There are 2 protein chains.
Amino acid sequence: MKRKSVTSRDVAQLAGVSQSAVSRSFSPNAKVSEKTRKKVMDASRELGYRPNTIARSLITRSSRTIAVVTYSLENPFYSSVLEQASRFFQAQGYHLLMFFAPPGGSFDAVLDDIIRSQVEGVLMLAITMTQRQAGLVDDFGIPVVIINRTVDYAGISQVSSDNVQGGYWAGRHLASLGHQRIAYLGGLPDSSTHQQREAGFLEGLHSMEQACSAIEIGNYRYEDACEATRRLFSAPMPPDALFAANDLMALAAMEVLRHEFNLRVPRDVSIIGFDDVPMAAWPSHSLTTVRQPVDLMIQKATELLMKQVAQEETQPEHLILPVTPMLRKSTRHHADHN
Amino acid sequence: MKRKSVTSRDVAQLAGVSQSAVSRSFSPNAKVSEKTRKKVMDASRELGYRPNTIARSLITRSSRTIAVVTYSLENPFYSSVLEQASRFFQAQGYHLLMFFAPPGGSFDAVLDDIIRSQVEGVLMLAITMTQRQAGLVDDFGIPVVIINRTVDYAGISQVSSDNVQGGYWAGRHLASLGHQRIAYLGGLPDSSTHQQREAGFLEGLHSMEQACSAIEIGNYRYEDACEATRRLFSAPMPPDALFAANDLMALAAMEVLRHEFNLRVPRDVSIIGFDDVPMAAWPSHSLTTVRQPVDLMIQKATELLMKQVAQEETQPEHLILPVTPMLRKSTRHHADHN
DNA sequence: CTGAAAGCGCTAACAT
DNA sequence: ATGTTAGCGCTTTCAG
C-alpha cells in the first residue's frame, strides 16, 4: 500500500549503468545502444519503474499539459469539445487539466490558478472575458484559444461560428413565413454569442420590415428558458414565432408550449434554435436550427493551440466559421402561410 | 510573447530577503513576520511572480492532481460527475487531469500514462476493468475509486447503485402491468451495470412467472439503440414492453416506436429506462425510469477518494446506493390492463 | 524569525 | 555511446 518510489537511480544500479543511461533509454530520440537499453528496460520492469513526469517537466520546462476552462458542461456541445480536444492532445502526449469557473464568476482567481499550474496552453470554452482579463493571460505569454466566444482583444486566438449570420437567417426566415409577432429567447446577456445572434436576428427582421415583438432571457439553461417562455406566452398578445439562442432553450420552449399552453408547433408557433445538438434531430423535436460546425470548430481550435504551443512565434487568429440552416419541422412550411 | 520566468530568487533579490523567505511567504502555515511577507508580496506583484507548482510538487511529492478516466462523455451522467467532482476537488486545491480510454480499448497504455503522471488518485467513470488491471493500479499504491461499475476485486473502492434491485423492479412492474412479451434492450455487454440490470430484470420477471421475450444490445448509445429497437420490433411477434439499460436508449426506442413503427407509448408498448437523466422528465418523453442517486454517488466517490488521498491507511469501500423507481407516463397505468 | 545549504528526480551539456 | 556534472525552482532541515 505504500507509495512506490523507484527512481532512475535505482534502475541504474540494478542494470549496472549510469543514471543518465536510464534517462536516455526512456527518451525516444536518444543515442543509446540496444544492449544498454535492453538492460535498462529489464531492470525497469523488475522494479516497476516509471519515469517521473514532474521531474521531467521541471527541467524541460514543459508540462505537456493544457488547461481547459469552462463554466459548465450542461450543454453537450462543451462535453463534446472536451472529449474531442482531449483525445487530440492525448495523441500528442499532452493532457487536459480541468478548471471550472465559479458560477458567480470571480474568474480572476481561476486565472491565477491556471498560471501557477504551468500549463502550456489554455482552451477556453464559452468563457466571457473582459479585455483586461484577456490581456492578463496574454501578458503571461501563454497561448490561449477561446472557443465559441469572442472578445475585443487581438492578442488571443478565437474560434467561433458566424452568429450574426445565423441570427440574420433566423430573423429573415421567420418573417418570410408570414409570422407577425416574432420573439427572441436570449442566452447569457453578457455573452458575445447572445449579443451577436440577437444583433443578426434583429437585422434580419429589419430587412423584412419587421421588428422583434418581445425579448426574454433564458441564460442558455433549460429551466430558465421554461420560465422565460411562460412569461412570453402569458402576455396579452403572445408571439407566433420564436428564435432561441440555443437548442436547449428552443427545446425547453417547445416543451412548455406543447404541454403547458396546448399550442401546436409549428401550426401555432414556429421555433428556431441554434447549435444543432444531436437531440434536435430526434423526430419528436425535429427542431429547425442553425448548425454550428462543431467538429470543425474543435479541430481548428485544437490545431491552432497546438501550433502556438509548439512554435514560439505564431500569430493569434480570429476564425469565424460558417453556419448552416437546418430546416426541420418546428417551423411552418412556406406553403402554410396565408 | 516570451515566456516569463520569474523565480523566487528574482523576488528575493528585489525584496532584499533570502529565497527561502519568499518560499515561506507563499506557504499558508509558515512562520514569517508580517514585515517580510509584505516585502515579498510587493516584490512578487511587481514582477508578476507565481510559485511554480511543478517544482513544488517535485519536492513535496504531491501533485495535487487527480486523474479522471472515462470512455466517453456522451452520456450526460458522466459530464455531470466530471463537473461536480472537479468543483469539489478544486475547492481543496486539487485539479483533474483527463484521460480518455481509446474506443477499442487498450486500456493498459492509459494506465501506464496515469502512473507516470504522478496523480494522487484516480477516478474511474464507468470503466470496465479486469481483475488484473485493478490489481495493477492497486499495486502502485495509488487510491482508486470506480464509479458506476463494479469489479470483482476488493482492493479498490467502488461506488455504484443497486442495479440488480432496479432491474428487478422494472421486471416485476412490467409483468404486473399485464404485459406478455417483455424485452430487454441491453447496454455494453461487458459492463457490470448491464449484467446486473439484466440479472435483476430476469429475476423480477421470473418472480412473476414470466420470461424475457427478446434481448438486443444497444451499447448504451443512441444510434445503436435505434437499430436494436428496429430489430426487436420487426420480429413476427414484437414486444409489448421494453426495459432499456439506460435512459438514452429508452428514449431512442421511444423515438423509433412512435415515429417509425407508429406505435403509441404506453398504449401499445410500455418503456422503462435507467438513470433518470433530466431529459427523462421532459413532458414529451415522460419516461418511467429507475433513478440513480447521481449526486449522492458523486459525493460519496469524491469524499472516499479524498479521504484515501489524504490519509495513508484507509480501507477501500464498496458502496451500493439505493435506486428509486420514477413512475411516469411511458408505462401503462395498472387500471389500463385488461 | 531568517538565511544557508541540501536535495526532490530528472535532462542536458560536457567530457571521455 | 556512455558517464560525470550541473542544475530546473522549489521546500525543508539546520544553524544562527
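Only a predicted model underlies this, so the values are computations on that prediction, with no experimental measurement involved. Lettering follows sequence order; numbering is per chain, from 1.
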Query raised in the report: Are side-chain N/O atoms of B/S33 and B/T36 paired as donor and acceptor at under 3.5 Å?
Result: yes
Query raised in the report: A/S57 near the nucleic acid: base, sugar-phosphate alone, or nothing, with a heavy-atom cut-off under 4.0 Å?
Result: nothing
Query raised in the report: Mind checking what makes side-chain contact (heavy atoms from CB on, under 4.5 Å) contact with A/V294, not counting sequence neighbours?
Result: A/F77, A/S80, A/I298
Query raised in the report: Is it true that B/K39 and B/E34 have a side-chain N and a carboxylate O under 4.0 angstrom from each other?
Result: no
**Report entry** Nearest-Å distance for atom pair NZ/C1', residues B/K39 and C/dT2
**Finding:** 10 Å
**Report entry** Reading 5' to 3' through nucleotides 11-16 of chain D, protein heavy-atom contacts under 4.0 Å coded B for base, S for sugar-phosphate only, - for none
**Finding:** BBB---
Query - Distance in Å, B/N148 CG paired with B/S192 OG, rounded so as to fall on 0.5 Å steps - result: 7.5 Å
Query - Nearest atoms (heavy-atom pairs only) where B/V11 meets B/V6 - result: CG2-CG1, 4.3 Å
**Report entry** Salt-bridge contact B/R64-B/E120 (side-chain N to carboxylate O under 4.0 Å)
**Finding:** no
Query raised in the report: When you check the phosphate oxygens OP1 and OP2 of C/dG9, does a side-chain N or O of A/T7 lie under 4.0 Å from one of them?
Result: no
Report summary line: A/L58 atom CG is separated from D/dG7 atom P, nearest whole Å, by 14 Å
Report task. Select one nucleotide: of D/dT4, C/dC10, D/dC10, the one nearest the side-chain heavy atoms of B/R9. Result -> D/dC10
Query - Rounded distance (nearest 0.5 Å) linking atom CG of A/L304 with atom OG of A/S157 - result: 4.0 Å
Query raised in the report: Rounded to the nearest 0.5 Å, what separation is found between the OG1 atom of A/T150 and the CD1 atom of A/I147?
Result: 13.5 Å
Query raised in the report: NA contact type, B/T36, heavy-atom cut-off 4.0 Å: base, sugar-phosphate, or nothing?
Result: sugar-phosphate
Report summary line: Value for OG1 (A/T302) from CE (A/M297), rounded to nearest 0.5 Å, stands at 11.5 Å
Query - Between C/dG7 (C1') and B/R61 (CZ): distance, integer Å - result: 10 Å
Query raised in the report: Rounded to whole angstroms, how far apart are CD on B/Q118 and P on C/dG9?
Result: 9 Å
Requested in this report: Take the C1' atoms of the five end pairs on each side of the helix from C/dC1-D/dG16 to C/dT16-D/dA1, get both axes, and report the angle to 10 degrees.
Outcome: 40°
